[in-house]
There are 2 protein chains.
Amino acid sequence: MNASKEHILLVSLSLFLQKSFKEVTMKEIVEKTGLSKGAFYHYFSSKEELFIEIIRTYFLKIMKVDYSRFSKKSFRDFYCDYINYIISAFEKLKTELGDISDEDDINYFVLAFDAMRLFPGFKEEIKEVHASELASWEQAVSSGKASGEIRSDMTDRQIAGMFVYTNDGLGLRLIMEGRVKQMEQEMLTLWDSFYNQIKV
Amino acid sequence: MNASKEHILLVSLSLFLQKSFKEVTMKEIVEKTGLSKGAFYHYFSSKEELFIEIIRTYFLKIMKVDYSRFSKKSFRDFYCDYINYIISAFEKLKTELGDISDEDDINYFVLAFDAMRLFPGFKEEIKEVHASELASWEQAVSSGKASGEIRSDMTDRQIAGMFVYTNDGLGLRLIMEGRVKQMEQEMLTLWDSFYNQIKV
DNA sequence: ATATACATACCGACCGTTCGGTCTGTTTGT
DNA sequence: ACAAACAGACCGAACGGTCGGTATGTATAT
């Protein structure tokens, strides 16, 4: 992809991660990219199109985690792999965004909510992502039970839900409180404690 | 409070629950209230002031749940009471909003995120709310353990975290998927399954 | 009883600014 | 020479907010 276009995409992404679609102005995009209106509209037909391309190019790609890459050896390895992957993906994104944005006011939820209004079919797509995410966790739980690693009267899906929802919930709170940095440590501690609860 | 002012507040709340601060225009507020620009600025000095009053009058009041009203008899009663209370508070709000807004595109998260930018000291306030929320759950867990109702190697705080975070996480997903109606049932099922896991 | 004075509630034309977007022209790479 | 890459003056629409004015009610003085 053209370097200028990618630059616009990344700078804009960092802006949309900080405030809502409407709050980000063309003026700001033009200034922060160091380019001009002419350059912008050479690559994009509108601000909305830019946003849609950002959702497609970055957001949805990041959301669609490839769960097959996580360990199948044990359930604990699986969720440790998951955390490590998410953290490293986040770090990689931060690098790409460069020093453009401060870690503490990154809020991918506002991006998602804007996408619900601006990206056609976003709701359906996110529904699928959620469903396959839960299915992958369920599978990992199932393997863990089968191998005798964990044991519980909770259904596989319920255990999967506990992991997935605590992940979302904790992430949401840490973002709102501006202490995203503690995600890895807090999530791992909580998951480990629950894991010990269902470990045989 | 003056009826017109309250009417403006409620209509605007329903709008801010559907889209971001910037997306809601004065024109829309004026039209939906059936009043005029003049009337609006008679009661509020600006759109921002209106928003701040909405956060103070409705949002923060709803967030600050009085946990002392929930059963202390057993931990299960406690979280059942919690769910029932939240659901009824939600229903009450829907009634106040009248037929203004559709249940499925109510999104209080965007309201919260806007408040982070527009309501001075919101982050700190929400931090306190979160902290006292967790503390209340921790207390309920502690009682449950003391009475011999539940037993676990997880700390009280960790168990509290499981409940609080799953609540947030599930709520977030259901809102994104437009199926908030299933909250009560799904949350209760999941919590019950976890409860049975730690029940003696 | 009624005229005067004042306050509150409300209206909508209007204002300056900013918005996303366009258009014409210039630079640059091949 | 020619197209792609960019610059920035410019545009109409929409924005939040203002302002002069009206209608209604109510307290007060005569």
Side-chain angles (χ1 to χ4, degrees), chain A residues 1-57 98 100 110-111 113-120 122, chain B residues 1-57 98 100 110-111 113-120 122:
Chain A
M1 193 194 306
N2 181 293
S4 286
K5 181 167 183 182
E6 193 163 6
H7 180 61
I8 295 175
L9 281 168
L10 282 169
V11 169
S12 305
L13 171 60
S14 89
L15 291 172
F16 288 134
L17 280 171
Q18 290 173 61
K19 35 191 181 178
S20 72
F21 179 77
K22 280 259 181 189
E23 273 173 307
V24 177
T25 67
M26 284 306 304
K27 184 164 177 274
E28 198 174 1
I29 292 175
V30 164
E31 276 171 6
K32 291 258 165 76
T33 51
L35 293 170
S36 65
K37 276 255 175 96
F40 180 90
Y41 283 96
H42 176 70
Y43 294 106
F44 303 95
S45 68
S46 71
K47 186 184 160 195
E48 281 203 23
E49 200 215 75
L50 162 73
F51 184 83
I52 286 171
E53 194 151 335
I54 285 179
I55 295 295
R56 204 180 13 238
T57 312
I100 310 169
V110 304
L111 198 64
F113 292 137
D114 276 328
M116 288 172 67
R117 268 161 271 140
L118 297 166
F119 191 100
F122 184 80
Chain B
M1 192 195 302
N2 182 292
S4 287
K5 182 168 183 182
E6 193 163 5
H7 180 61
I8 294 174
L9 282 168
L10 282 171
V11 169
S12 304
L13 171 60
S14 88
L15 291 172
F16 289 135
L17 279 172
Q18 292 174 59
K19 34 190 183 180
S20 73
F21 178 78
K22 280 263 181 187
E23 273 173 306
V24 177
T25 67
M26 283 307 303
K27 184 164 177 275
E28 198 175 2
I29 292 174
V30 164
E31 277 171 5
K32 291 258 165 77
T33 52
L35 294 170
S36 65
K37 270 231 172 128
F40 179 90
Y41 283 96
H42 176 70
Y43 294 106
F44 303 96
S45 68
S46 71
K47 187 183 160 194
E48 280 203 24
E49 200 215 75
L50 162 74
F51 183 83
I52 287 171
E53 196 151 332
I54 284 179
I55 295 296
R56 203 180 15 237
T57 313
I100 309 169
V110 304
L111 199 64
F113 292 139
D114 276 328
M116 289 172 68
R117 269 161 271 141
L118 297 166
F119 191 100
F122 185 80

In this structure, how many angstroms lie between the [atom2] atom of [N] and the [atom1] atom of [X], rounded?
{"X": "K47(B)", "N": "dG17(D)", "atom1": "NZ", "atom2": "P", "answer": "8 Å"}
{"X": "Y41(B)", "N": "dG20(D)", "atom1": "OH", "atom2": "C1'", "answer": "17 Å"}
{"X": "M26(B)", "N": "dT18(C)", "atom1": "CE", "atom2": "P", "answer": "18 Å"}
{"X": "F40(A)", "N": "dA9(D)", "atom1": "CZ", "atom2": "P", "answer": "19 Å"}
{"X": "I29(A)", "N": "dT18(C)", "atom1": "CD1", "atom2": "C1'", "answer": "15 Å"}
{"X": "E49(A)", "N": "dG21(C)", "atom1": "CD", "atom2": "C1'", "answer": "13 Å"}
{"X": "E31(B)", "N": "dG12(C)", "atom1": "CD", "atom2": "P", "answer": "12 Å"}
{"X": "K19(A)", "N": "dC19(C)", "atom1": "NZ", "atom2": "P", "answer": "10 Å"}

(message) Parallel, tilted or perpendicular, judged at 30° and 60°: which one describes the rings of F44(A) and F40(A)?
(response) tilted
Heteroatom pairs (N/O) under 3.5 angstrom, protein to nucleotides 4-7 of chain D:
from, atom 1, to, atom 2, distance (Å)
dA5(D), OP1, N2(A), ND2, 3.4
dA5(D), OP2, H42(A), NE2, 2.6
dC6(D), OP1, S4(A), OG, 3.1
dC6(D), OP2, S4(A), OG, 3.1
dC6(D), OP2, Y43(A), OH, 2.3
dA7(D), OP2, S36(A), N, 2.9
dA7(D), OP2, S36(A), OG, 3.1

Salt bridge (charged side-chain N to carboxylate O under 4.0 Å, His left out) involving [X] - partner list, sequence neighbours excluded:
{"X": "K22(A)", "result": "none"}
{"X": "K5(B)", "result": "E53(B)"}
{"X": "R117(A)", "result": "D114(A), E23(B)"}
{"X": "K19(A)", "result": "E28(A)"}

(message) So S20(A) and V110(B), do their side chains get closer than 4.5 Å, heavy atoms only?
(response) no
(request) Taking side chain to side chain donor-acceptor pair (under 3.5 Å) as the test, write out the residues that go with E48(A), two or more places apart. (result) none
Could I get a table of every N or O pair under 3.5 Å where one atom is in the protein and the other is in nucleotides 26-30 of chain C?
none

(request) Please identify each residue that fulfils side chain to side chain contact (heavy atoms under 4.5 Å, CB included) with L35(A), with sequence neighbours left out. (result)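 Checked L35(A) against side chain to side chain contact (heavy atoms under 4.5 Å, CB included); matches are S4(A), I8(A), T33(A), A39(A).
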(message) Run the ring-ring contact (aromatic ring centres under 6.0 Å, His included) test against F21(A) and tell me which residues pass, sequence neighbours left out.
(response) F16(A), F51(A)
(message) Under 4.0 Å, counting only non-hydrogen atoms across every strand here, what does V30(A) touch: a base, just sugar-phosphate, or nothing?
(response)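 V30(A): no heavy atom of the nucleic acid under 4.0 Å.
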